[in-house]
Amino acid sequence: MSDMSRRAFGGLLGGGAVSTVTGAATPAQAAPAERPFRSRTAAAPGSRPNFLVILGDDLGWADLSSYGAPHIKTPNLDRLARQGVRFTDAYSGSATCSPTRFSLYTGRYPGRTKGGLAEPVADRSQGLDPNHPTLASLLKKAGYDTALIGKWHCGWLPDYSPTKSGWDEFFGNFGGVLEYFSKLGQLGDYDLYEGDAEYRDLRYYTTVLTERAVEYVGRKHRRPWLLNLNFTTPHWPWLAEGDAETGAEIAARVRAATTPAQVTAALGHRDGGSVAKYTEMVQSLDAAVGEVLAALRRSGQEENTLVLFASDNGGERWSYQWPLSGQKAGLQEGGIRVPAILRWPARIDGHQVSHEPNFSPDWTATLLELGGAHPDPAHPLDGTSLAGYLLRGERLPERDLFWRVRGNRALRRGDWKYYQDAAGTDHLYHLAADLREQADLAPDRPDLLAELKGAWERIASGLLPYPDRG
């Protein structure tokens with residue numbers, strides 16, 4: 001497939017121009033269509049930017065209207081996309097919550113660290129080693145203020161915490177899930193903290209996090225800052241702001257639980273939710289992001305703040321994934337391809353779309369470079385900085401994107417993807433022509449399959465082995 005036809009095909013499957021997806025505007029009202037990304041090479045370097053990194057939780061690739069969702073309206077995130085760059089081929093660092101967070105915080109494959117082997121972190125024995133350098137600790141060393149608001153999911157007190165890993169401030173939950181009103185979490189206890197102390201607030205969690213983020217970005221900052229804003233929305237349990245009664249029922253089941261499995265079952269809310277409820281949750285996430293961005297604008301810091309929005313992994317259950325196959329926890333496209341939007345008015349033009357493949361560790365490398373921070377030589381990054389591509393018109397180097405989870409393996413090189421399913425069967429897909437991963441070309445291209453499989457195995461050989469489940 002030619003480069004032109006591949007780009008056109010990717011643009012169609014990625015939702016096309018925002019004005020086309022939303023569809024209601026007349027020609028006179030329509031925003032300019034997206035154009036292929038080009039860097040603003042004449043821009044002056046300027047001062048180091050602030051970084052606002054926003055994560056949705058289990059938000060699927062096509063769950064935003066700017067990515068093609070026909071029934072979910074996300075005007076604030078669509079506006080963010082129009083003001084910057086929408087990435088159609090962005091990926092999470094893994095297929096579940098905490099390994100991806102490990103990859104974003106460290107810039108490395110989750111399997112580089114013991115805590116990253118948990119898929120996801122599930123008890124107090126697991127977590128991000130406080131001695132390991134992180135995005136926050138390295139930027140802090142370079143002169144940044146750092147804060148994390150929302151979901152941490154890289155270990156519990158007393159051994160693990162954002163404030164032990166480079167963030168000056170923490171306000172949020174330690175675990176992977178909590179009931180949105182009572183704040184009862186993954187271990188069955190209360191899980192909303194300010195620093196290392198419990199913070200009591202029984203309002204809807206998305207609202208609480210939004211208020212705290214609005215306060216942070218509105219401060220008079222003396223130094224550049226990094227804010228990781230990690231919403232739990234739209235992760236289960238399936239609760240919107242008006243669902244306090246249902247939340248109380250779930251909380252009662254958590255309190256009555258006598259085993260971890262019963263806590264998980266209560267919070268998993270398998271007897272609840274719907275497409276309509278999920279839509280409500282995603283739209284509440286969009287509204288929350290809109291409030292934070294409005295506060296950033298009021299503060300006068302919008303021009304030189306780089307905003308990155310993404311999801312921690314693919315969607316599940318109620319998520320809109322078309323045309324992707326698979327979902328969270330697996331390495332088909334639906335489990336790891338995510339929406340990603342970048343805005344930085346001082347340096348990057350709006351109304352742009354990029355089809356360059358990237359994944360979570362790349363953003364770590366990018367933010368470190370833009371912030372003037374240097375990786376720790378003892379912990380080399382697995383991500384590739386996109387700064388040259390975004391700001392200087394450089395071509396991204398050819399490289400492989402690699403994923404390993406229990407039961408699946410995957411590697412992407414250009415438009416080709418090697419995938420091994422849970423049965424141990426190897427597959428080969430050409431994503432530009434087959435984004436749904438249905439036409440298995442492994443029998444037709446055995447040499448290429450062997451080459452990509454060998455590349456995967458060479459990377460995997462340098463990672464820690466999974467512990468024996470027995």
Side-chain angles (χ1 to χ4, degrees), residues 3-4 6-7 10-11 14 17 32-54 80-91 93 103-104 106-108 133 135-136 138-139 141-144 223-226 296 301-310 338-377 380-402 412-415:
D3 186 66
M4 178 66 75
R6 182 173 72 86
R7 296 304 189 216
E34 288 178 331
R35 61 183 183 275
F37 177 78
R38 290 187 62 183
S39 64
R40 191 196 302 171
T41 54
S47 58
R48 293 185 297 170
N50 306 311
F51 299 122
L52 173 56
V53 182
I54 307 173
L80 187 71
R82 291 196 300 271
Q83 293 169 340
V85 186
R86 187 177 65 90
F87 290 85
T88 63
D89 290 44
Y91 293 89
S103 73
L104 178 63
T106 67
R108 311 177 78 206
L135 172 65
L138 295 170
L139 284 174
K141 186 177 180 181
Y144 274 70
R223 304 196 300 176
W225 46 266
L226 162 72
L296 181 65
Q301 301 171 94
E302 180 180 68
E303 183 73 10
N304 199 38
T305 297
L306 185 157
V307 179
L308 172 65
F309 175 87
V338 296
I341 298 168
L342 178 74
R343 186 189 74 181
W344 185 12
R347 300 298 305 276
I348 295 173
D349 293 330
H351 299 289
Q352 299 197 82
V353 61
S354 172
H355 306 291
E356 292 292 341
N358 62 80
F359 72 151
S360 303
D362 293 340
W363 294 114
T364 316
T366 303
L367 300 188
L368 290 176
E369 180 176 344
L370 295 177
H374 301 287
D376 185 330
L381 303 180
D382 292 311
T384 298
S385 174
L386 308 181
Y389 167 72
L390 293 170
L391 302 182
R392 299 185 293 273
E394 298 173 5
R395 293 181 63 88
L396 282 175
E398 293 186 4
R399 73 256 171 70
D400 296 334
L401 301 185
F402 166 94
R412 176 168 175 172
R413 176 181 295 175
D415 287 329

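What you see below is based on every heavy atom in this structure, not just the backbone, and it leaves out hydrogens, waters and symmetry mates.
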Check whether more than 12 heavy atoms from other residues, nucleotides or ligands sit under 6.0 Å from atom CZ of Arg38, and answer yes or no.
no

Using every non-hydrogen atom in the two residues, find where Leu401 and Tyr91 come nearest and quote the distance to one decimal.
CD1-CD1, 4.1 Å

Might you point out which heavy atoms bring Pro397 and Thr384 nearest each other, and give the distance in Å?
CG-CG2, 3.9 Å

Please identify each residue that fulfils salt bridge (charged side-chain N to carboxylate O under 4.0 Å, His left out) with Arg223, with sequence neighbours left out.
Asp145

Distance, nearest 0.5 Å, that separates CG of Leu52 from CH2 of Trp225:
5.0 Å

Once you round to the nearest 0.5 Å, how far does CZ of Arg40 lie from CD1 of Ile348?
8.0 Å

Search all heavy atoms of Ala365 against all heavy atoms of Ser385 and return the closest pair with its distance.
CB-N, 3.5 Å

Identified side chain to side chain contact (heavy atoms under 4.5 Å, CB included) counterpart of Phe51 within the set Thr305, Leu135, Leu139, Val307:
Leu139

Side-chain ion pair, Asp362 and Arg399, N-O less than 4.0 Å:
yes

If you round to the nearest 0.5 Å, how far is CZ of Arg35 from CD of Gln352?
4.5 Å

Find out whether Phe309 and Val53 are in side-chain contact, i.e. whether some heavy atom of one side chain is under 4.5 Å from a heavy atom of the other.
no

Nearest 0.5 Å, please: how far is OG1 in Thr366 from CG in Leu342?
9.0 Å

How far does CG of Asp89 sit from NE2 of His355, to the nearest 0.5 angstrom?
7.5 Å

Could I get the full list of salt bridge (charged side-chain N to carboxylate O under 4.0 Å, His left out) partners for Asp400, not counting sequence neighbours?
Arg413

Working note: Tyr389 + Phe37, criterion ring-ring contact (aromatic ring centres under 6.0 Å, His included); need CA distance, chi angles, decisive distance, verdict.
CA-CA 9 Å; Tyr389 167 72; Phe37 177 78; 5.0 Å; yes

Taking only residues two or more places apart in sequence or in another chain, which ones pass salt bridge (charged side-chain N to carboxylate O under 4.0 Å, His left out) with Arg392?
Glu369, Glu394

If we only count heavy atoms from C-beta on, is the Leu138 to Thr364 side-chain gap below 4.5 Å?
no

Write down the atom of Ser39, the atom of Leu390, and the distance for their closest heavy-atom approach.
CB-O, 3.2 Å

Closest non-hydrogen atom pair, Tyr144 against Leu370:
OH-O, 4.5 Å

If you look at every heavy atom in Arg48 and Pro224, which pair is closest and at what distance?
NH2-CG, 3.9 Å

Spacing of CG belonging to Asp382 relative to CZ belonging to Arg108, to within rounding of 0.5 Å
6.0 Å

